Amino acid sequence: MRYESRNPSNGVLLRAFDFHDFPDLDVSLQAFKKWKRLEVEERDGYLQRLAGLLKSRQRQLAEIITTEMGKPIRESLYEVEKTLTLFDYYGRYASAYLEPKQVATPASKSYYIYEPLGIILCVMPWNFPFWQVFRFAVPALYAGNVIILKHAPNVPQCALEIEKLFSEAELPEGTLKNYFLKNETVLELIAHPAIAGLSFTGSDATGSFLAQQAGKYIKKTVLELGGNDAFIVLKDADLDYAVAGAIKSRSINAGQACNGAKRFIVVKEVADVFTHKLIEKVFQLKVGDPSDPETQIGPLARMDLLERVRSQVAESIRQGAVAHVSPVSLPKEGYYFAPMVLTRVKPGIIAFEEEIFGPVFSVVVAEDTAHAVQLANQSKYGLAASVWTNDVKAAEKLIGELECGNVFINDIVKSDTRLPFGGIKRSGYGRELSEAGLKEFVNIKTVFIK
């Protein structure tokens, strides 16, 4: 696949880009020599200047996101706004987090320090083209690393804008370099001795393949992969509140979010009422031009993604699921998919087993709370789960039973700069954000003086 910027709302090709040759790693190595020697406060000065540019261009950058991958403009504006929280958080706390830690031992002096690893390769997805890049990059940069960015082939203009921000903020040349790379070049890069680590966000299949390559060369990796998150509704839940949460979680980015709820597991006592309310609200979702601030569901990002969702839904129906399709009139052009609720979904059906990247709400009926937890865990993924109930104390007892990296009670799953984010099982390993994310790509060096 070549790098193409194509408007998903009408399929028009905007720009195409040739592949780059193998990256000039000397540029990155020289940048690392300069960057790692700076105090954290000095790095913060550069990065706050970058944040200022990001904030001043919020509207322009949001419009590029919407035009290039189809996200409703209000969500694109929020994505840029959320990205700014990274600079605020790490600007406040990175220095303290990276302070040497003294430890009492028989030595005259013993402590451990945090040192950057070097050049970190990041392979990033298209669905949050700014947030995903900066979610990894900001803590990695505060820790003293430098970055090579290989962005998704359908958001090249976003990638160029990100690199441009670094240049205009006058960070040392090579602190972040963007390259349009072939897949085989990525494998060569991982194998190169100058590359110290890999951060990948994307599918579990690709993540597994890249992790094998990184493992072969003993490279540190963080993998943020797919999710098939459970949205558990217990019998004492406020159903109107839960339905509002369901709509918000699944509608984000037209359903193209790894941490969006996928399986709505509802105990049988309230399943009929919840499903009725859910269908009613899904049918009210406004689908259309993503540049319209009133639009809630824009097009899917690419034609191949649209075709996959269609295939998954068709197979789920063939297997016994029942589709309740919104009567919305879809635009004649573009990669649009009508929001729908699938009922009678159960284990073995595609809608239960696979992650569907589109506005599809799959309802699964559970016998009771214990069965709901069992169904939630019956997945190869383990990113997150949410529990909806009026009995918070009882819900807290379920936290240890849920096999995932994040549990939210009475709120939708979302990443927060202040909290670690990541999964288990085929959702990956390692953490981004918070103090934990800051320390993923560092050498924790022990010093013992006697």
Side-chain angles (χ1 to χ4, degrees), residues 65 69 71-72 75-76 78-79 81-83 85-86 124-136 139 152 199-204 206-207 222-233 242 244-265 296-298 300-301 305 309 351-362 364 376-377 379-388 399 402-434 436-437 440:
I65 294 171
M69 56 74 57
K71 180 177 301 185
E75 291 186 21
S76 296
Y78 176 71
E79 179 176 339
E81 182 180 334
K82 185 174 182 177
T83 299
T85 66
L86 295 161
M124 291 289 125
W126 47 265
N127 54 341
F128 294 91
F130 273 72
W131 168 248
Q132 297 279 19
V133 171
F134 282 102
R135 187 172 81 177
F136 149 74
S199 180
F200 172 75
T201 300
S203 73
D204 57 311
T206 303
V222 170
L223 302 180
E224 297 284 356
L225 310 178
N228 198 2
D229 289 3
F231 184 107
I232 301 171
V233 182
I247 293 295
K248 185 175 181 181
S249 180
R250 195 65 175 117
S251 297
I252 294 170
N253 208 13
Q256 301 169 114
C258 61
N259 62 326
K262 309 293 194 316
R263 296 173 298 150
F264 298 84
I265 301 173
Q296 295 167 283
I297 302 288
L300 300 190
L305 299 171
V309 171
F352 184 94
E353 302 293 342
E354 296 183 1
E355 179 180 34
I356 298 181
F357 238 40
V360 179
F361 298 71
S362 299
V364 183
N377 291 338
S379 173
K380 64 182 180 180
Y381 297 108
L383 183 56
S386 61
V387 181
W388 301 77
I399 293 171
L402 290 163
E403 299 170 358
C404 55
N406 308 267
V407 176
F408 282 59
I409 298 173
N410 292 330
D411 202 352
I412 66 170
V413 174
K414 53 199 170 188
S415 55
D416 184 308
T417 306
R418 298 161 291 189
L419 295 169
F421 186 82
I424 61 172
K425 300 197 280 190
R426 290 194 70 84
S427 288
Y429 53 74
R431 291 296 179 266
E432 293 184 319
L433 305 176
S434 78
E440 281 287 0

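Fair warning: this is a prediction, and the values are worked out from it, not measured in the lab.
Using a 4.5 Å heavy-atom cutoff, the side chains of F231 and V413 are not in contact. Within the 4.5 Å cutoff, the side chain of L305 has no heavy atoms near those of the F357 side chain. When side chains are defined from C-beta on, D416 does not count as touching L433, because their heavy atoms never get closer than 4.5 Å. Counting only heavy atoms from C-beta outward, the side chains of T201 and V222 never approach each other to under 4.5 Å. V364 is not listed as a side-chain neighbour of F264, based on a closest heavy-atom distance of 4.5 Å or more. Under the 4.5 Å side-chain criterion, counting only non-hydrogen atoms from C-beta, E353 is not in contact with K380. Side-chain contact between I356 and N228 is absent, with no heavy-atom pair separated by less than 4.5 Å. Side-chain contact check for S415 versus K82: some heavy-atom pair is nearer than 4.5 Å.
Shortest non-hydrogen contact noted between C404 and I424 is N-CD1, 3.6 Å. Between M69 and P129, the shortest heavy-atom contact is CG-CG, 4.3 Å. In this structure, G298 and P72 approach most closely via the heavy-atom pair N-CG, 3.9 Å. Across all non-hydrogen atoms, the minimal contact from W388 to G245 is CH2-CA, 3.9 Å.
Legend: side-chain hydrogen bond (donor to acceptor under 3.5 Å, both in side chains) pairs involving residues 245-264, not counting sequence neighbours, sorted by first then second residue: K262-E355.
In this structure, R426 CZ and L383 CG are separated by 14.0 Å, a value rounded to the nearest 0.5 Å. One distance of note links NZ of K414 with CG of N406; it measures 12.5 Å at 0.5 Å rounding. Distance check, rounded to the nearest 0.5 Å: SG of C258 to CZ of F128 gives 7.5 Å.
Here the options are S199, P139, P420, the test is side-chain contact (heavy atoms from CB on, under 4.5 Å), and the partner is E432; only S199 passes.
D229 contributes a side-chain N or O that, together with a main-chain N or O of A384, makes up a donor-acceptor pair within less than 3.5 Å. Of the possible donor and acceptor atoms, one in the side chain of E79 sits under 3.5 Å from a partner among the backbone N and O of W131.
In this structure, the side-chain hydrogen bond (donor to acceptor under 3.5 Å, both in side chains) partners of Y429, at least two apart in sequence or on a different chain, are T221.
D204 and Y381 share a side-chain donor-acceptor pair at under 3.5 Å. A donor atom on one side chain and an acceptor atom on the other are not found under 3.5 Å apart for K425 and S379.
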